[in-house]
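The structure appears below as structure tokens.
Atoms within a ligand are numbered from 1 in the order they appear, just like the ligands themselves.
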Amino acid sequence: MIHTPETDKAFKKQIKESLEKDFMRKTLTNFSVAYRQSRANAFSGMDLEGMRGDIACMKDAGIPNLPELFDEFKKNAEAAGTIIHVARDGEEANRIIAQIAKENGVKSIVKSKSMTAEETFLNDHLEKDGYEVVETDLGEWIIQMRHEGPSHMVMPAIHLSRYQVGELFSDVTAKKQDPEDIEGLVKVARKELRPKFIGADMGVSGGNFAIADSGAIGLVTNEGNARLTTTLPKVHVALMGFDKLVPDVSAAMKILKILPRNATGQALTSYVTWIKGTNECAPGPEGRKVQHIIFLDNGRLELAKDPIFAEVLRCIRCGACANVCPIYRMVGGHTFGHVYIGAIGLILTTFFHGKDKARGIVKCCLNCQSCKGVCPSKIDLPYLIKNVYAQVQEEDGGKPLKTRLTSLLLKNRRLFHTTMKAAAKMQGPATDGPYVRHLPNFLMGDHNFRRLPAIADRSLRDDWKQVKPKVKNPKLKVALFGGCATDFIYPEQGKAFAKLCETFNIAVDYPMDQSCCGLPTMMMAQMDTAKDIAGQNVKAFSAGNYDYIVTLCASCGSHIKENFPKLLTKNGAVPKNVQAFSDKLIDFSSFMNDVVKVKGEDFMNLGRKVTYHYPCHLVRGLEVTEAPMALLEKAGVDYKESNECQVCCGFSGSFSVDFPMISKNMLAHKLDNAEATGATTLVTDCPGCVLQLRGGAEQRGMNLTVKHMAEVLLEEKK
Ligand code: SF4
Ligand code: SF4
């Protein structure tokens, strides 16, 4: 039974409960760390980017033609003796399967793992009709006996310990089982399941591929249970989504090459089963097996026509978007999903199970881009999640007051900047040096895990005339895109950039009409406001003929590069000025290292002990990894790499306010890892990460100074 909270309050309560499950958190964290390494090993020496591009292209070519692919599949499968059905929704799919069971005098059913059957809640339906249904995948069997849904799409029982499984198996066998003896536990399952396979009248499976030009289906499994399920009983029923249709076996092979590697870091799965038509089978009617394939629509054919969401049908259900998600590993799949888990689950839940099931989870995304970075089909999951969130709000009849006010403020640059300046003047008694003195009492509990910065007395724009580099015959002319944090909270970072540029003879402009990049509004799913603000910024920089537009904020940079073109697309094309703006955008570290080409002799080599945190939007958004390392090496620091230095720090703007309990845990993990390096300076390339990490280190009283790379380079500059 799946219990997905339908209100914010219930969802947050469930998050808190999940965070208390220490064993689950530890297991998922260990898995996430090990997964990254095994995935890297599994793809070693392969052109992973090329393979991902191939799958995305192949899927995109098929999505608009699913009805045609289906017709071709049906013709070929029927010629081989298979009976084909179409189910408009889960209810209809379940009814068809129950009817097949009735017509064939079925009493007992074995099932191999199928997310599509989870989607339709098939087991519940068949059991209500009086059939005995037994899951035969080990993980699925375990959760079936516990009356739970899967907590991962590939490893459904990953949330359970061997002790919980040992206890369960002791109950099943009425005999004490040793939880330390994993092999023994597997033997118990084998012994219990064998007679079920042999006695079953019907086997129900899913399917990874439906191959149009042959009418064959393919199943990928690790335990061999799908083979027994599909071959031993006299009736085989496969339930598949329309999205599993591929044109031919070479398309299936492309997916097969990437699927196990991406799912679990395995080079191969143990079993790949291809089935075409019906074969001889002694107990079947006329000595032949009965085979039915049911294609489930459940909104897929409409999705295929959607200009924004069609790409979700590229999904090959590898589960990797959960493996790398920092939220999934904290709270597990029973909280971070409904039936489908992880990033793809946040999207599919709305379309397959309705907005009531999606309302809580869909706003719980850091936009950290980890899922997008590993998706073998190159689905822009974070962007689609925000679009789903926007839809849910729309259907709920409007945006919350907080969202509307923030939108109004950020859309009006003058009002926003005047408000910031007024707040800077009025905050006096509430500040304690560079920090806010303390939070109001009602926020003290959950939110008190970091110190918050005060607004700077004078913003970067206030001082720009004095700060602007004074250079003659500059070798480059650039503009600085400040973003809210550099402008109003940490102007010293912008000043450090200006000073560095002056020493390297680079002219810098700070166009005064620039504003917030709009990412916070996108995080709140205010797509129209995000679009409006993007347009204002493009206009603000259009007058200057800049060689580059540099930003010190990786989040602004990634949003401008990735999302501005999407948001401002007109009639299917990106306007030239938008593309030019996005093309000229460069992050600080890449600019200094790759464009300015700073050298080791430019720096004093003070040899301080430094560790580095990769901002999500630098490493995954902008795909920059080498420039910061090169700069630190040139600056001569004593670099100490911290564990999981590319994992999110848990800030993500309004996320850390809405979900402080998750943000707090992620920050703690990050700071523990930084502390373990023995470094005294933590460097990063995003003011948002500085805010989170510096505030956390200060709250903990750590001997760790958190700085932006621009500040460190200036301090190290000769
Ligand atoms: S963007 Fe990050 S937090 Fe959001 S679903 Fe993807 S991995 Fe999870
Ligand atoms: S969205 Fe991508 S990463 Fe997630 S399950 Fe689907 S294919 Fe795998």
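- Nearest non-hydrogen protein atom to atom 7 (S) of ligand 2 is Ile316 N, 3.4 Å.
- Which parts of ligand 2 touch Met153 is read off a 4.0 Å heavy-atom cut-off, strictly below it: atoms 5 (S).
- Between the side chains of Asn387 and Gln391, no donor N or O sits under 3.5 Å from an acceptor N or O.
- Assignment of Leu381 to the shell around ligand 1 is not supported, since no heavy atom sits closer than 4.0 Å.
- Those atoms of ligand 2 that come under 4.0 Å of a heavy atom in Cys375, given as number and element, are 1 (S), 2 (Fe), 3 (S), 7 (S).
- Salt-bridge check for Asp396 with Arg359: passed, with a basic side-chain N closer than 4.0 Å to an acidic carboxylate O.
- For ligand 1 and Ile327, the ligand atoms under 4.0 Å from any heavy atom of the residue are 3 (S).
- For Glu395, the CD atom sits in a packed shell: over 12 heavy atoms of surrounding residues, nucleotides or ligands are nearer than 6.0 Å.
- If you number the atoms of ligand 2 from 1 as listed, the ones under 4.0 Å from a heavy atom of Pro376 come out as 2 (Fe), 3 (S), 7 (S), 8 (Fe).
- The list of ring pair (Phe, Tyr, Trp, His ring centres under 6.0 Å) pairs with a residue in residues 353-383, not counting sequence neighbours, reads Phe121-His353, His338-His353.
- Shortest contact from atom 8 (Fe) of ligand 2 to any protein heavy atom: Cys318 SG, 2.4 Å.
- Defined by atom type and a distance below 3.5 Å, a donor-acceptor pair is present between the side-chain atoms of Asn222 and Ser270.
- Within the 4.0 Å heavy-atom cutoff, Gly319 counts among the residues contacting ligand 2.
- The residue among Pro326, Ala343, Ala320, Cys371 with a heavy atom at the shortest distance from atom 6 (Fe) of ligand 1 is Cys371.
- If you check the side chains of Asn367 and Gln369, you find a donor sitting under 3.5 Å from an acceptor.
- No side-chain donor-acceptor contact under 3.5 Å links Glu223 and Thr136.
- Put simply, no part of Val374 is less than 4.0 Å from ligand 2, judged by heavy atoms.
- Using a 4.0 Å heavy-atom cutoff, Arg314 is absent from the residues neighbouring ligand 2.
- Between the side chains of Thr529 and Thr521, no donor-acceptor pair of N or O atoms lies under 3.5 Å.
- At least one heavy atom of Ile385 sits closer than 4.0 Å to an atom of ligand 1.
- At a cut-off of 3.5 Å, with distance as the only test, no side-chain donor of Thr229 or Ser112 sits close to an acceptor on the other residue.
- Remark: ligand 1 atoms within the under-4.0 Å shell around heavy atoms of Asn367 are 1 (S), 4 (Fe).
- For atom 3 (S) of ligand 1, the closest non-hydrogen atom on the protein side is Leu366 N, 3.3 Å.
- Contact annotation for Gln369 and ligand 1: only backbone heavy atoms (N, CA, C, O) come within less than 4.0 Å of the ligand.
- In this structure, Val324 does not count as a contact residue of ligand 1, since none of its heavy atoms falls inside 4.0 Å of the ligand.
- In terms of protein heavy-atom proximity, atom 4 (Fe) of ligand 1 is nearest to Cys365 SG, 2.4 Å.
- Classified by interplanar angle (parallel below 30°, tilted 30° to 60°, perpendicular above 60°), the ring pair Phe242/Phe295 is tilted.
- Relative orientation of the Phe655 and Phe659 rings is tilted, given thresholds of 30° and 60° on the angle between their planes.
- Taking every non-hydrogen atom of Cys315 and a distance limit under 4.0 Å, the qualifying atoms of ligand 2 come out as 1 (S), 5 (S), 6 (Fe), 7 (S).
- Ranking the protein heavy atoms by distance from atom 2 (Fe) of ligand 1 puts Cys368 SG, 2.3 Å first.
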When you look at Asp446 and Lys664, which way does the salt bridge (charged side-chain N to carboxylate O under 4.0 Å, His left out) test go after all the steps?
CA-CA 8 Å; Asp446 282 341; Lys664 170 185 167 176; 5.9 Å; no
